K.L.:
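Have a look at this one before I ask anything.
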Amino acid sequence: MNTKNAIIGTAGHVDHGKTLLIKALTGIETDRLKEEKKRGITIELGFAHLTFEDGTRVGVIDVPGHEKFIRNMLSGAGSIDLALIVIAADEGIMPQTREHLDILSLLGIQNAVVALNKCDLVDDEWLEMMAEDIREEFRKNYPFLVNAEILPVSAYSGKGISELKTLLAKQLKNAKDKKPHIPFRLSIDRVFTKDGFGAVVTGTLIEGELSVSEDAIIYPAMTQVKVRSLQNHTDKVQNIKAGQRAAVNLSGINHNDLKKGDVLAAKNSMVATKYIDVSLSILKSCKREIKNNSRLHFHHGTCDILCKLILIDKQKLSSGETAYAQLQLSEPLAVKTNDKFVLRFYSPTDTIGGGTILDPDAKKFSKARKEEIENFAKKEKGDLKERIAETIYSKSETVPFLEDLKYRFFENSPEFDTCVSALLKDGTIQKVTDTRVVHKKYTEIVGKKAGELLKTYHEKSPLNKGMPRNELWKPLLPKTEAPLTDKLLTLLDSLGLVKITDGQVARIEFSATKNTKHQEISEKVIKILLDAGYATPSYDEIEKPYLKEKKTFKQAFDALTGDGEVIKLTDQIIISKQYFEKAKEVFKALSKEKSVTLGEFRDAIQTSRKYALAIVEYFDLKNLTKKTGDDRIYISD
């Protein structure tokens with residue numbers, strides 16, 4: 001049995017015979033709920049499989065037609081390759097037909113066949129007139145369907161069913177090929193438990209290939225699971241491919257922790273977010289004015305959640321208009337770049353528009369700026385190289401991993417590495433480590449900010465070579481991981497945006513210069529400390545003669561500590577570099593064969609316990625010594 005990796009999905013008004021037509025095509029009754037059978041309408045998604053004459057088998061999704069169940073229709077429509085639009089010959093296009101067609105257009109589904117059902121209830125002249133009415137509606141409002149074939153059928157009598165099967169097989173040849181390199185993703189549309197098996201989910205595999213025993217993640221909860229077994233329709237299989245329906249038995253999770261709308265996907269292939277940047281189109285049929293900050297229903301895959309609409313450069317939208325926007329979701333969700341979505345009003349829930357996701361993990365938007373509009377446009381209309389560059393720019397604050405970007409935002413594209421090499425070569429992006437990058441615009445922004453911070457520092461401490469690296473990175477890079485800040489500062493140095501000397505960062509043009517008074521104070525402080533040895537006066541005592549010149553004294557003193565000529569052991573206890581190095585050598589010699597007590601060290605340098613304790617605690621702070629009980633050992637220079 002050949003399985004075509006494609007899904008046929010129905011669309012059409014309630015009671016136009018979608019479910020009966022599927023049964024006529026497949027022999028399978030998709031209405032499984034008692035309520036569905038009792039009321040004669042589809043409420044939940046129904047699933048079947050259609051076998052063609054050559055033995056090829058495809059999946060079929062039956063979606064509800066009643067306007068109350070549009071949410072369920074949306075959860076099935078997003079994964080179909082071929083739309084089977086069912087229109088009753090005796091009624092023609094009806095309100096839910098139009099809403100379904102709107103949804104197909106928003107989701108970018110253009111491969112379609114029209115089944116003019118219940119043809120046995122009307123004569124040939126009426127059929128011809130109805131077909132022309134449908135074509136005229138398509139020409140005026142749904143140009144993506146102008147070439148769709150219209151075939152009269154009767155699900156009740158069987159007329160035209162064989163011809164419809166042939167037409168569906170023909171149209172499926174136009175279905176887009178699935179890309180094997182993309183990480184697997186399945187939108188969950190049902191969750192249940194089975195005795196002896198545990199949690200089972202069903203859905204359509206949107207991308208990639210999923211195999212038994214594979215590790216996976218449930219997004220957005222980020223729960224790790226393992227695939228215990230797989231079924232495609234009723235057959236047990238070892239793997240499924242994009243476009244196939246699947247029932248997936250999972251281990252590592254309870255079915256109560258799963259829900260419709262969750263996504264089963266490859267590790268590290270997605271992120272959970274509450275902010276997504278989008279390109280938005282309002283339907284021509286929308287009679288409402290869509291205002292900035294509107295509360296709406298967001299439909300994506302099998303998920304339906306509330307969101308707030310933030311328009312980037314407008315305050316309102318009318319029918320047929322397009323705009324860039326950010327959707328601020330009511331709860332975390334996992335989506336991907338280029339995914340389609342649909343928006344419906346909060347109350348009453350009319351479909352108003354939809355569009356394409358440009359950034360599935362955006363920063364919360366604050367206010368409209370010209371640059372933001374340009375960034376949105378590049379993400380929407382740029383080539384792969386431009387889109388990679390723009391994505392790196394928007395993520396530079398976190399110093400993104402190239403592999404993460406490739407996997408999460410660019411579908412593991414084979415062209416990704418070539419584009420990155422070109423961007424590195426022309427300097428558009430810059431390496432911070434072997435695996436992490438930033439955009440040149442980001443380093444320019446950070447470099448400018450560093451210059452402003454350093455200007456203030458140089459004005460306060462004009463004698464220092466620069467600001468210590470560990471003091472600069474906190475105000476400069478507050479959201480960047482600590483291990484990366486040092487590497488970013490090194491990158492800024494290599495780009496000539498700052499200069500680093502002996503661990504201190506300065507503006508490129510800065511040069512420390514001491515005036516006569518600074519020089520006099522510096523020489524006096526050094527002499528006092530050298531004369532005092534280890535039992536030095538306190539900082540306040542040294543500063544006391546210069547209280548009228550406090551600012552000048554501090555500048556000179558800071559320069560001495562910055563250059564390492566003076567060591568500030570505590571706020572008040574100070575020692576010269578010369579005596580500090582002597583103390584270090586003494587401790588190192590004492591620690592060659594045993595641990596050293598504070599008393600032994602005190603006696604060796606011939607000072608009081610107060611000064612000896614300050615020195616060894618400073619050793620501890622700088623990881624020169626390690627405390628073992630009341631003793632210490634020397635561990636490193």
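For reference, positions follow the sequence shown, starting with 1. Since this is a predicted model, take the numbers as computed values, not measurements.
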K.L.:
Any carboxylate oxygen within less than 4.0 angstrom of a Lys/Arg side-chain nitrogen, looking at K440 and D426?
P.N.:
no
K.L.:
What's the verdict on side-chain contact (heavy atoms from CB on, under 4.5 Å) for L405 and I388, showing C-alpha distance, side-chain angles and the deciding distance?
P.N.:
CA-CA 8 Å; L405 294 175; I388 291 171; 5.9 Å; no
K.L.:
Just checking K241: does its NZ atom have more than 12 heavy atoms from other residues, nucleotides or ligands closer to it than 6.0 angstrom?
P.N.:
no
K.L.:
Any donor and acceptor pair, going by atom type alone, linking the side chain of S396 with main-chain N or O of H439 inside 3.5 Å?
P.N.:
yes
K.L.:
Is K363 paired with E397 through a side-chain N to carboxylate O contact shorter than 4.0 Å?
P.N.:
no
K.L.:
Measure from the side-chain N and O atoms of S330 to the backbone N and O of C307, and report whether any donor-acceptor pair falls under 3.5 Å.
P.N.:
no
K.L.:
Considering non-hydrogen atoms only, spot the tightest contact between P360 and I276 and give its length.
P.N.:
O-CG2, 3.7 Å
K.L.:
Distance check, rounded to the nearest 0.5 Å: L424 atom CG versus K431 atom NZ?
P.N.:
6.0 Å
K.L.:
Looking at A612 and T607, what are the two nearest heavy atoms and their distance?
P.N.:
N-CG2, 4.0 Å
K.L.:
Testing the basics here: between R632 and F587, what is the closest heavy-atom pair and its distance to 0.1 Å?
P.N.:
CB-CZ, 3.6 Å
K.L.:
Below 6.0 angstrom between ring centroids: does that apply to F580 and F619?
P.N.:
yes
K.L.:
Determine whether a donor-acceptor pair (N or O, by modelled atom type, separation under 3.5 Å) exists between the side chain of S591 and the backbone of V596.
P.N.:
no
K.L.:
Kindly check if the number of other-residue, nucleotide or ligand heavy atoms within 6.0 Å of CG (D434) is above 12?
P.N.:
no
K.L.:
Please say whether more than 12 non-hydrogen atoms of neighbouring residues, nucleotides or ligands are located less than 6.0 Å from CD in Q606.
P.N.:
no
K.L.:
Assess whether side-chain contact (heavy atoms from CB on, under 4.5 Å) is satisfied between V566 and L529, documenting all intermediate values.
P.N.:
CA-CA 9 Å; V566 170; L529 294 177; 3.7 Å; yes
K.L.:
Given the side-chain rings of F416 and F410, with only the six-membered ring counted for Trp, is the space between their centroids under 6.0 Å?
P.N.:
yes
K.L.:
Are side-chain heavy atoms of E549 and Q555 found at a separation under 4.5 Å?
P.N.:
no
K.L.:
Could you check whether any side-chain heavy atom of W473 comes within less than 4.5 Å of a side-chain heavy atom of T480, counting everything from C-beta outward?
P.N.:
no
K.L.:
Please check this pair: side chain of D603 against backbone of E600, looking for a donor-acceptor N/O pair closer than 3.5 Å.
P.N.:
no
K.L.:
So does A266 get a backbone contact from the side chain of R185, meaning a donor-acceptor N/O pair under 3.5 Å?
P.N.:
no
K.L.:
For a side-chain contact (heavy atoms from CB on, under 4.5 Å) with L491, tell me which candidate from D486, V446, V432 qualifies.
P.N.:
V432
K.L.:
Roughly how far, to the nearest 0.5 Å, is the CG atom of D262 from the NZ atom of K260?
P.N.:
12.0 Å
K.L.:
Walk me through it: do I633 and I635 pass the test side-chain contact (heavy atoms from CB on, under 4.5 Å)?
P.N.:
CA-CA 6 Å; I633 56 172; I635 55 172; 4.0 Å; yes
K.L.:
Is there side-chain contact between F409 and R387, with at least one heavy-atom pair below 4.5 Å?
P.N.:
no
K.L.:
Picking from L453, V498, D493, L476, what satisfies side-chain contact (heavy atoms from CB on, under 4.5 Å) with V505?
P.N.:
V498
K.L.:
Are Y324 and E380 close enough that a side-chain donor and a side-chain acceptor fall under 3.5 Å?
P.N.:
yes
K.L.:
Is there side-chain contact between I574 and V525, with heavy atoms separated by less than 4.5 Å?
P.N.:
no
K.L.:
Less than 4.5 Å apart, side chain to side chain, heavy atoms only: is that true for T597 and D630?
P.N.:
no
K.L.:
Where is the tightest heavy-atom contact between G451 and R507, given as atom of each residue plus distance?
P.N.:
O-NH1, 2.7 Å
K.L.:
So, D339 side chain and K336 main chain: donor-acceptor pair closer than 3.5 Å or not?
P.N.:
yes
K.L.:
Do other residues, nucleotides or ligands put more than 12 heavy atoms under 6.0 Å from K544 NZ?
P.N.:
no
K.L.:
What distance do K441 atom NZ and N375 atom CG have between them, rounded to the nearest 0.5 Å?
P.N.:
5.5 Å
K.L.:
When you compare the side chain of K274 with that of K364, does any pair of heavy atoms fall below 4.5 Å?
P.N.:
no
K.L.:
Taking N249 for its side chain and A199 for its backbone only, find out whether a donor-acceptor pair lies under 3.5 Å.
P.N.:
yes
K.L.:
To the nearest 0.5 Å, how far apart are OG in S394 and NZ in K379?
P.N.:
3.5 Å
K.L.:
Compare all side-chain heavy atoms of F510 with those of L454 and state whether any distance is below 4.5 angstrom.
P.N.:
no
K.L.:
Can you confirm whether more than 12 heavy atoms, excluding those of D571, are under 6.0 Å from its CG atom?
P.N.:
no
K.L.:
Distance check, rounded to the nearest 0.5 Å: I575 atom CD1 versus Q578 atom CD?
P.N.:
10.0 Å
K.L.:
If you count heavy atoms of other groups shown closer than 6.0 angstrom to CD of E444, is the number above 12?
P.N.:
yes
K.L.:
Distance check, rounded to the nearest 0.5 Å: E520 atom CD versus K524 atom NZ?
P.N.:
9.0 Å
K.L.:
Is the cationic atom of K582 (NZ for Lys, CZ for Arg) positioned less than 6.0 Å from the six-membered ring centroid of Y579 and within 45 degrees of its normal?
P.N.:
yes
K.L.:
Hydrogens and angles aside, do E415 and S413 bring a side-chain donor and acceptor to less than 3.5 Å of each other?
P.N.:
yes
K.L.:
Does E452 pair with K455 as a salt bridge, N-O distance under 4.0 Å?
P.N.:
no
K.L.:
Is the count of non-hydrogen atoms from other residues, nucleotides or ligands lying under 6.0 Å from K406 atom NZ greater than 12?
P.N.:
yes
K.L.:
Give a yes or no on whether the backbone of E214 and the side-chain of S211 come within a donor-acceptor separation of less than 3.5 Å.
P.N.:
no
K.L.:
Does P414 reach the side chain of H181, with side-chain heavy atoms less than 4.5 Å apart?
P.N.:
yes
K.L.:
For the residue pair L210 and L205, what are the closest heavy atoms and their distance?
P.N.:
N-CD2, 3.9 Å
K.L.:
Check the pair Y393, I445 against side-chain contact (heavy atoms from CB on, under 4.5 Å), reporting the backbone distance first and the verdict last.
P.N.:
CA-CA 11 Å; Y393 175 52; I445 291 168; 3.5 Å; yes
K.L.:
Determine yes or no for a side-chain-to-main-chain donor-acceptor pair under 3.5 angstrom, with T202 supplying the side chain and A247 the backbone.
P.N.:
no
K.L.:
Kindly give the heavy-atom pair with the smallest separation between P475 and K449, and that separation in Å.
P.N.:
O-NZ, 3.1 Å
K.L.:
How about NZ on K548, more than 12 heavy atoms from neighbouring residues, nucleotides or ligands closer than 6.0 Å, or not?
P.N.:
no
K.L.:
Any donor and acceptor pair, going by atom type alone, linking the side chain of R436 with main-chain N or O of V399 inside 3.5 Å?
P.N.:
yes
K.L.:
Quick one: do the T490 and R469 side chains pair a donor with an acceptor below 3.5 Å?
P.N.:
yes
